[in-house]
Asks: 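Attaching a single structure in structure tokens format; questions to follow.
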Amino acid sequence: MVEVTASFCSNLAEKARRDPGLPVPNPTTSAWQSVPHELANHQSPALPSNTSVAIIGSGMTGISTAYHLLRHSPGLNVTVLEARSLTSGATGRNGGHCKEVPYVNYPELKSLVGKDGAIKIARFRLAQLDALFETAAALPGVMEESQLRRVEGVDLYYDRAVFEEMKAKRESYLEDFPEERDRWLVWEGKDLEEKFDAANAVGCMTGPAGALWPYRFVGGVTTALFNKDQYPNFDLETNTPVESIWISGPKEYPYEIKTSRGSIFAQHVVHCTNRHAGHLLPGLRGPLYPLRGQMTVQSRPSSFPNVGDKRSWILHYAPGYEYITQSPLPSGNIYLGGGLRQALTEPEIEESNIDVGNIRDDQHNTAALRYIEKTMERGFRNGKGSEILKKWTGIMAYTIDDVPIIGKVPSSISDRKLESGSGAEWIGAGFCGHGMAYCWLTGRALAEMVLKGEENVGDWFPRKELACSEERLRRIGLEDAISSFLKTVA
């Protein structure tokens with residue numbers, strides 16, 4: 001079992017400060033990607049010579065940025081550059097949740113950014129699901145293909161101290177959001193078995209949540225952007241990794257983006273590479289660090305209810321958690337991820353099973369797999385009998401203060417200074433394992449900033465709280481951040 005010592009955290013911090021490089025070329029294939037999208041490997045016969053906005057990354061954030069840019073300016077020249085296939089990063093590898101439980105870190109947010117800032121961040125996260133529904137309703141077929149649905153989020157607790165702490169956090173949140181009291185409910189006693197089929201749980205909290213097939217959602221939006229009558233200047237260049245960025249172009253397109261297929265010049269560069277952001281933005285190596293997650297699809301136990309259209313789950317321990325969605329189709333297959341805590345409690349931990357700083361989504365965490373193959377049996381009365389049907393990994397990005405980095409990139413972070421011209425670099429990354437509760441509206445915010453200027457983004461967005469600033473990114477040490485993270489999961 002790993003002891004979270006200063007030396008252990010220092011070693012992990014050294015690993016987390018490394019250049020993450022480019023994504024590995026042959027990642028595990030997620031169940032979401034089992035049928036590749038028709039645009040999965042799309043690229044133009046030749047790379048465009050220039051573009052108004054180059055977006056690096058084709059996940060939820062990158063495609064949302066393109067979508068919102070083109071909704072405001074349909075004729076804008078927008079190019080999405082992707083190192084691998086379409087949506088092959090975290091968006092195409094996650095657990096299928098769009099779940100925000102606002103009280104989980106609300107007291108910590110208030111300490112970090114103050115009451116007003118915490119309220120803005122909570123409202124921003126809670127708005128994501130409605131925004132996804134609004135978009136899906138506006139695009140033919142996206143709602144059905146992505147299986148986007150509203151569900152009851154069921155958080156089961158298997159440790160009394162953890163449950164009591166979370167009840168206290170809920171009360172702290174409800175002091176500032178009293179109108180939300182009837183949405184976030186506490187359950188104890190016989191309800192745990194009778195209503196939630198839980199085994200050995202000490203408590204439960206429920207609230208509104210969502211679930212979806214994220215790969216298909218992004219694919220559907222991307223298909224809509226290929227309507228050349230509506231968006232004549234949109235390009236998608238997959239299998240085109242960005243190797244470096246220089247300021248060497250003409251005033252209109254100052255950024256020279258060097259890729260494996262040649263260079264493209266851009267006025268604006270938007271970094272939506274999440275865990276790989278530090279490759280092109282060296283000042284983020286450390287303040288933002290990669291963390292690998294293990295996912296599976298498991299068969300539904302014969303006695304377990306088929307309620308994927310009604311519920312999703314998180315199972316909380318002391319400490320650590322696993323997360324579960326269920327297919328709304330007749331199979332009722334279980335999408336289950338986690339196991340990081342178990343990997344760190346192995347008697348002799350293997351280097352390949354340490355997920356902090358790990359960018360190898362071509363490998364599995366074997367210790368985590370041994371744990372999560374028994375999660376259903378441990379957590380539910382009718383959970384025995386599930387079998388792993390498919391397994392894969394994905395790389396998330398965490399930040400030292402546990403909130404994303406969204407906004408204009410200063411030259412101290414990029415090591416590039418634009419002396420003249422109207423362009424800029426922007427970033428949306430570091431979603432700390434909760435990307436679906438951030439990404440879609442992050443894209444809208446980035447689009448507003450690019451089109452109107454950073455200071456003119458709407459008040460709905462917590463700009464100052466999530467800004468990419470030196471002051472924010474140096475106020476917490478990486479070793480301290482990693483130690484705090486590990487103590488919540490190990």
Side-chain angles (χ1 to χ4, degrees), residues 19-23 25 39 41-59 61-67 69-70 73 76-89 222 225 231 233-285 288 397 405-429 443 446-447 449-451 468:
D19 180 351
L22 293 169
L39 297 170
N41 294 295
H42 180 276
Q43 58 179 223
S44 304
L47 196 67
S49 59
N50 57 60
T51 187
S52 297
V53 184
I55 300 169
I56 308 174
S58 67
T61 305
I63 295 302
S64 173
T65 303
Y67 174 77
L69 282 168
L70 293 169
S73 300
L76 189 67
N77 196 319
V78 175
T79 303
V80 174
L81 301 166
E82 169 57 55
R84 302 188 299 204
S85 62
L86 176 69
T87 319
S88 56
T222 306
L225 296 181
Y231 308 117
N233 299 312
F234 172 74
D235 287 303
L236 170 66
E237 306 295 339
T238 67
N239 303 299
T240 307
V242 174
E243 298 167 347
S244 61
I245 301 174
W246 301 90
I247 297 177
S248 62
K251 185 175 181 180
E252 310 94 288
Y253 305 106
Y255 293 100
E256 181 182 1
I257 303 170
K258 293 187 176 181
T259 81
S260 61
R261 298 170 56 215
S263 291
I264 179 173
F265 292 88
Q267 180 184 11
H268 293 275
V269 180
V270 186
H271 297 264
C272 299
T273 53
N274 206 29
R275 80 282 189 198
H276 288 281
H279 179 54
L280 299 171
L281 299 170
L284 290 183
R285 297 171 194 170
L288 180 149
I405 301 170
I406 304 169
K408 192 173 184 178
V409 178
S411 59
S412 59
I413 298 296
S414 66
D415 276 352
R416 293 178 285 273
K417 188 172 183 180
L418 188 62
E419 299 291 348
S420 62
S422 57
E425 292 185 65
W426 311 86
I427 185 170
L446 288 169
M449 292 182 200
V450 170
L451 294 172
C468 182

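Everything numeric in this text was worked out from a predicted model, so none of it was measured.
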Asks: Can you tell me how far the OG1 atom of Thr273 sits from the CD1 atom of Ile55, to the nearest 0.5 Å?
Replies: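 Reported value, rounded in 0.5 Å steps: 12.5 Å.
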
Asks: For Glu237 and Ser44, run side chain to side chain donor-acceptor pair (under 3.5 Å): C-alpha distance rounded to whole Å, both residues' side-chain angles, the deciding distance at 0.1 Å, then the answer.
Replies: CA-CA 7 Å; Glu237 306 295 339; Ser44 304; 2.5 Å; yes

Asks: Checking side-chain polar atoms at under 3.5 Å, does Ser260 have a donor or acceptor matched by the opposite partner on Glu243?
Replies: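 Looking only at side-chain atoms, Glu243 and Ser260 do not form any donor-acceptor pair under 3.5 Å.
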
Asks: Taking the side chain as everything from C-beta on, heavy atoms only, tell me whether Thr238 gets closer than 4.5 Å to Arg84.
Replies: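 Of all side-chain heavy-atom pairs linking Arg84 with Thr238, none is under 4.5 Å.
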
Asks: Determine whether the side chains of Ser248 and Glu256 contain a donor N or O and an acceptor N or O closer than 3.5 Å.
Replies: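 There is such a pair between these side chains.
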
Asks: Begin from the C-alpha positions of Asp235 and Val78 and carry the test side chain to side chain contact (heavy atoms under 4.5 Å, CB included) through to its verdict.
Replies: CA-CA 6 Å; Asp235 287 303; Val78 175; over 6 Å; no

Asks: List the atom of Ser58, the atom of Ile63, and the distance in Å for their closest heavy-atom pair.
Replies: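 Taking Ser58 first and Ile63 second, the nearest heavy atoms are O-CG1, 3.5 Å.
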
Asks: Start with the C-alpha distance between Thr79 and Val53, add both sets of side-chain angles, then the distance that settles side chain to side chain contact (heavy atoms under 4.5 Å, CB included), and finish with yes or no.
Replies: CA-CA 6 Å; Thr79 303; Val53 184; over 6 Å; no

Asks: Which atom names give the shortest non-hydrogen contact between Gln267 and Ser422, and what distance separates them?
Replies: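 Distance-wise, the nearest heavy atoms are NE2-OG, 2.7 Å.
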
Asks: Say whether Thr240 and Glu82, considering side chains only, have a donor N or O and an acceptor N or O under 3.5 Å apart.
Replies: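 No, no side-chain donor-acceptor pair sits under 3.5 Å.
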
Asks: Give a yes or no on whether the backbone of Ala54 and the side-chain of Thr51 come within a donor-acceptor separation of less than 3.5 Å.
Replies: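 Such a contact is absent between Thr51 side chain and Ala54 backbone.
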
Asks: Tell me whether Arg285 contacts the main-chain N or O of Gly278 through its side chain, where contact means a donor paired with an acceptor under 3.5 Å.
Replies: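 Answer holds: yes.
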
Asks: What distance separates Ile427 CD1 from Ile56 CD1, expressed to the nearest 0.5 Å?
Replies: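 Taking CD1 in Ile427 and CD1 in Ile56, the distance rounds to 10.0 Å.
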
Asks: Does the side chain of Leu47 come within less than 4.5 Å of Leu81's, by heavy atoms?
Replies: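 Sidechains of Leu47 and Leu81: in contact.
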
Asks: Which heavy-atom pair separates Thr87 from Gly59 by the least distance, and what is that distance?
Replies: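 Minimum heavy-atom contact is CG2-CA, 4.2 Å.
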
Asks: Could you tell me if the side chain of Cys468 sits less than 4.5 Å from the side chain of Pro410, heavy atoms only?
Replies: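 A side-chain contact under 4.5 Å exists here.
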
Asks: Which heavy atom of Ala424 sits nearest a heavy atom of Leu418, and at what distance?
Replies: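 Between these two residues, the closest heavy atoms are N-CD2, 4.5 Å.
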
Asks: Taking the side chain as every heavy atom from C-beta outward, state whether Phe265 and Pro250 have any pair of such atoms under 4.5 Å apart.
Replies: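 Side chain of Phe265 against side chain of Pro250, heavy atoms only: contact under 4.5 Å found.
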
Asks: Is a side-chain donor or acceptor of His268 paired with a backbone partner of Gly423 at a separation under 3.5 angstrom?
Replies: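 Not confirmed, His268 side chain does not pair with Gly423 backbone.
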
Asks: In Å, rounded to the nearest 0.5 Å, how long is the span from CD1 of Ile264 to CD1 of Ile245?
Replies: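 The CD1 atom of Ile245 is 11.5 Å from CD1 of Ile264, to the nearest 0.5 Å.
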
Asks: Where do Ser73 and Leu451 come nearest, in terms of heavy atoms and distance?
Replies: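 Closest heavy-atom pair between Ser73 and Leu451: OG-CD2, 3.9 Å.
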
Asks: May I ask you to decide if Thr61's main-chain N or O and Ser64's side chain share a donor-acceptor pair within less than 3.5 Å?
Replies: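 The answer is no, because no donor-acceptor pair under 3.5 Å joins these two groups.
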
Asks: Salt bridge check, Glu425 against Lys408: does any charged N sit closer than 4.0 Å to a carboxylate O?
Replies: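 Looking at Glu425 together with Lys408, the answer is no, because their closest N to O distance does not fall below 4.0 Å.
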
Asks: Rounded to the nearest 0.5 Å, how far apart are CD1 of Ile413 and CG of Leu280?
Replies: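 The CD1 atom of Ile413 sits 13.5 Å away from the CG atom of Leu280.
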
Asks: Using side chain to side chain contact (heavy atoms under 4.5 Å, CB included) as the criterion, point out the one residue from Val269, Val270, Thr65 that pairs with Trp426.
Replies: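 Passing option: Val270.
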
Asks: Can any side-chain N or O of Arg416 pair as donor or acceptor with the backbone N or O of Ile247 at less than 3.5 Å?
Replies: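 A pair under 3.5 Å: no.
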
Asks: So, taking the atom named CG in Asn233 and the one named CG in Leu70, what distance separates them when rounded to the nearest 0.5 Å?
Replies: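 So the gap between those two atoms works out to 8.5 Å.
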
Asks: Can you see which heavy atom on Ser52 is nearest to which on Leu76, and at what distance?
Replies: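 The answer is CB-CD1, 3.9 Å.
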
Asks: Could you measure the distance from the CG atom of Leu281 to the NE2 atom of His276? Nearest 0.5 Å is fine.
Replies: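 That separation rounds to 13.5 Å.
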
